[in-house]
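Just below is one structure, and these are the notes that go with it.
Order of listing sets the numbers, starting from 1, for every ligand and every atom in it.
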Amino acid sequence: MSDLPGIVITGASGRMGQMLIKTVLDSDKARLVGVVERAGHDWVGRDVGEAMGGAALGVTVTDEPLEAFAKAQAVIDFTAPAATVQFAKLAAQARAVHVIGTTGMTEDDIAQLEPCARHAVIVRAGNMSLGVNLLTLLTKKVAAALDEEFDIEVVEYHHRHKVDAPSGTALMLGEAAAEGRGVSLTDVADRGRDGITGARKRGDIGFTAIRGGDIIGEHDVMFACDGEQIILRHKATDRSLFAKGALRAALWGQDQKPGEYDMLDVLGL
Ligand SMILES: NC(=O)c1ccc[n+]([C@@H]2O[C@H](COP(=O)([O-])OP(=O)(O)OC[C@H]3O[C@@H](n4cnc5c(N)ncnc54)[C@H](O)[C@@H]3O)[C@@H](O)[C@H]2O)c1
Ligand SMILES: O=C(O)C1=N[C@H](C(=O)O)CCC1
């Protein structure tokens, strides 16, 4: 039996679930030991390789997460907020590193991770790519250098299936801009304009969400004043970059003490 870290992927049939399974199978640093789907899904009970349209892999899709997590060193989870909160409790019970890519989590959801992180490593980020995490640092720096004469707007573009807005990445960028300005994002976020909104409030950080087609994920941070605009942009052209980042986080987490971490910790940025 190999001593490579065993990984469980949740949300196996999802866009990211399938990409994560391929990424783990292609890696020589980890092995796939389990895959989880929600109860009632037609993949449950099937070999995951065959369910994905290929050869059998000897790994059966299960709807019993704790049984799967007990055999793993890490769980990589890109599902939905309610599922992720449940998985955090079970990963903590199994002492498995929990890498969370799920977005759209409320403050209450996030608060429920804290007791879990006393027992296990949690790495959570709205975007697992190097480029976006670097962009958060640039955004913070630019926001700190400019005063409120510059209006900050975050514009995000995603595929038609995305269910949450603003995207997790947009919120990371908004947080970075607010930090750079020395304000709380909660106090200045303007997340939905419709109707007679009144003029833009000085100091606000605005968010706009575009949804269409198969856009994987694009983000602009605009700093606009009278006479000039600066636009910082990230464009994802392949979901594998999120999956590779998540696997990197799962491996990095093996050597960490229990606690909550993000991708800046993983990347050492
Ligand atoms: N952090 C990042 O880098 C990053 C990148 C891409 C997507 N995401 C996020 O990942 C999440 C998933 O995105 P997607 O495009 O793969 O969505 P998707 O709808 O294609 O997949 C979600 C999967 O989760 C499964 N699921 C839901 N509840 C479950 C449960 N209780 N148990 C097991 N499985 C369950 C669904 O059946 C589905 O297969 C979203 O929140 C998205 O925003 C994050
Ligand atoms: O496809 C998605 O959904 C994505 N979600 C993340 C977000 O909310 O920022 C990352 C980009 C893709």
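Residue Gly17 has no nitrogen or oxygen atom sitting less than 3.5 Å from a nitrogen or oxygen atom of ligand 1, judged on distance alone. On a distance-only criterion, Gly101 and ligand 1 share at least one N/O pair closer than 3.5 Å. In terms of N/O distances under 3.5 Å, ligand 1 is not approached by His41. Polar contact check, Lys162 against ligand 2: a nitrogen or oxygen pair lies under 3.5 Å apart. Between Met128 and ligand 1, a contact under 3.5 Å exists for at least one N or O pair.
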Self-check item: Trace of the side-chain contact (heavy atoms from CB on, under 4.5 Å) decision for Tyr261 with Val266
Solution: CA-CA 8 Å; Tyr261 302 90; Val266 174; 5.6 Å; no

Quiz prompt | Met19 vs Phe242, side-chain contact (heavy atoms from CB on, under 4.5 Å): CA-CA, chis, key distance, verdict | solution = CA-CA 9 Å; Met19 184 56 79; Phe242 307 133; over 6 Å; no

Practice problem: Determine, step by step, whether Arg202 and Glu149 satisfy the side-chain contact (heavy atoms from CB on, under 4.5 Å) criterion, reporting the C-alpha distance in whole Å, the side-chain angles of both residues, the deciding distance to 0.1 Å, and the verdict. | Solution: CA-CA 8 Å; Arg202 188 180 162 90; Glu149 281 302 302; 2.8 Å; yes

Exercise. Output, in order, the C-alpha distance, side-chain angles, deciding distance and verdict of side chain to side chain donor-acceptor pair (under 3.5 Å) for Asp77 and Thr79.
Key: CA-CA 6 Å; Asp77 175 20; Thr79 54; 2.7 Å; yes

Practice problem: May I have the step-by-step check of side-chain contact (heavy atoms from CB on, under 4.5 Å) for Arg124 and Ile110, ending in yes or no? | Solution: CA-CA 10 Å; Arg124 186 176 68 86; Ile110 293 165; 3.7 Å; yes

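Met172 forms part of a hydrophobic cluster together with Val132, judged by ILVMFWY side-chain heavy-atom separations under 4.5 Å.
The atoms of ligand 2 that sit less than 4.0 Å from any heavy atom of Thr103 are 7 (C), 8 (O). Of all atoms in ligand 2, listed by their number and element, those nearer than 4.0 Å to a heavy atom of Ser167 are 7 (C), 8 (O), 9 (O). Listed by number with element, the atoms of ligand 1 under 4.0 angstrom from any heavy atom of Ser13 are 39 (O). Ligand-side atoms of ligand 2 in range of Gly126: 6 (C), 7 (C), 9 (O), 10 (C), range being under 4.0 angstrom from any heavy atom. The distance from ligand 2 to the heavy atoms of Gly168 drops below 4.0 Å at these ligand atoms: 7 (C), 8 (O), 9 (O).
For atom 13 (O) of ligand 1, the closest non-hydrogen atom on the protein side is Met16 CG, 4.4 Å. Summary of contacts: the protein heavy atom closest to atom 41 (O) of ligand 1 is Thr103 N, 3.0 Å. What sits closest to atom 32 (N) of ligand 1 on the protein, heavy atoms only, is Phe87 CZ, 3.3 Å. Considering only non-hydrogen protein atoms, atom 11 (C) of ligand 1 sits nearest to Thr79 O, 3.5 Å. If you check which protein heavy atom lies closest to atom 22 (C) of ligand 1, you get Phe78 O, 4.0 Å. Among all protein heavy atoms, the one lying closest to atom 20 (O) of ligand 1 is Arg15 N, 2.9 Å. Ranking the protein heavy atoms by distance from atom 11 (C) of ligand 2 puts His158 NE2, 3.3 Å first. With hydrogens left out, the protein atom closest to atom 31 (N) of ligand 1 is Ala83 CB, 3.3 Å, a heavy atom. Regarding atom 39 (O) of ligand 1, its nearest protein heavy-atom neighbour is Glu37 OE2, 2.5 Å.
Not a single heavy atom of Met19 sits closer than 4.0 Å to an atom of ligand 1. Proximity of Gly126 to ligand 1 is established by a heavy-atom distance of less than 4.0 Å. The shortest heavy-atom distance from His159 to ligand 2 is under 4.0 Å. Not a single heavy atom of Thr10 lies less than 4.0 angstrom from ligand 1. The closest approach between Ile216 and ligand 2 falls below 4.0 Å for a heavy atom of the residue. Ligand 1 does not have Gly168 within reach: every non-hydrogen atom of the residue lies 4.0 Å or more from it. Under the 4.0 angstrom criterion for non-hydrogen atoms, Gly217 is not in contact with ligand 2.
For Glu114, the salt bridge (Lys or Arg N to Asp or Glu O under 4.0 Å) criterion is met by Arg118, not counting sequence neighbours.
When the heavy-atom distances from atom 29 (C) of ligand 1 to Arg38, Met263, His158, Gln18 are ranked, the shortest goes to Arg38.
Ionic pairing of Arg200 and Glu153 is present here: one or more N-O contacts between side-chain nitrogen and carboxylate oxygen are shorter than 4.0 angstrom.
When atom types are taken as modelled, the side chain of Arg31 and the backbone of Leu25 share no donor-acceptor pair closer than 3.5 angstrom. Formation of a donor-acceptor pair under 3.5 Å by the Gln73 side chain with backbone atoms of Gln254 is not found in this model. Between the side chain of Asp26 and the main chain of Thr23, no donor-acceptor pair closer than 3.5 Å is present. Looking only at distances, no side-chain donor or acceptor of Asp204 sits under 3.5 Å from a matching main-chain atom of Gly206.
Counting heavy atoms of neighbouring residues, nucleotides and ligands inside a 6.0 Å radius, atom CZ of Arg233 does not exceed 12 of them. Other residues, nucleotides and ligands contribute at most 12 non-hydrogen atoms within 6.0 Å of the CG atom of Asp226. Around the NZ atom of Lys89, the shell of radius 6.0 Å holds more than 12 heavy atoms that belong to other residues, nucleotides or ligands.
The closest side-chain donor-acceptor pair between Ser240 and Asp238 falls under 3.5 angstrom. Asn133 and Thr136 form no side-chain donor-acceptor contact under 3.5 Å, judged by distance and modelled atom types alone.
Of all the heavy atoms of Thr169, the ones lying under 4.0 Å from any atom of ligand 2 are found in both the backbone and the side chain. Counting heavy atoms closer than 4.0 Å to ligand 1, residue Trp43 contributes nothing at all. Contacts with ligand 2 closer than 4.0 Å are made by no heavy atom of Met16, backbone or side chain. Contact annotation for Ala125 and ligand 1: only backbone heavy atoms (N, CA, C, O) come within less than 4.0 Å of the ligand. Under 4.0 angstrom from ligand 1, the non-hydrogen atoms of Lys162 all belong to its side chain.
Between Arg248 and Met128 the shortest side-chain heavy-atom distance does not fall below 4.5 Å.
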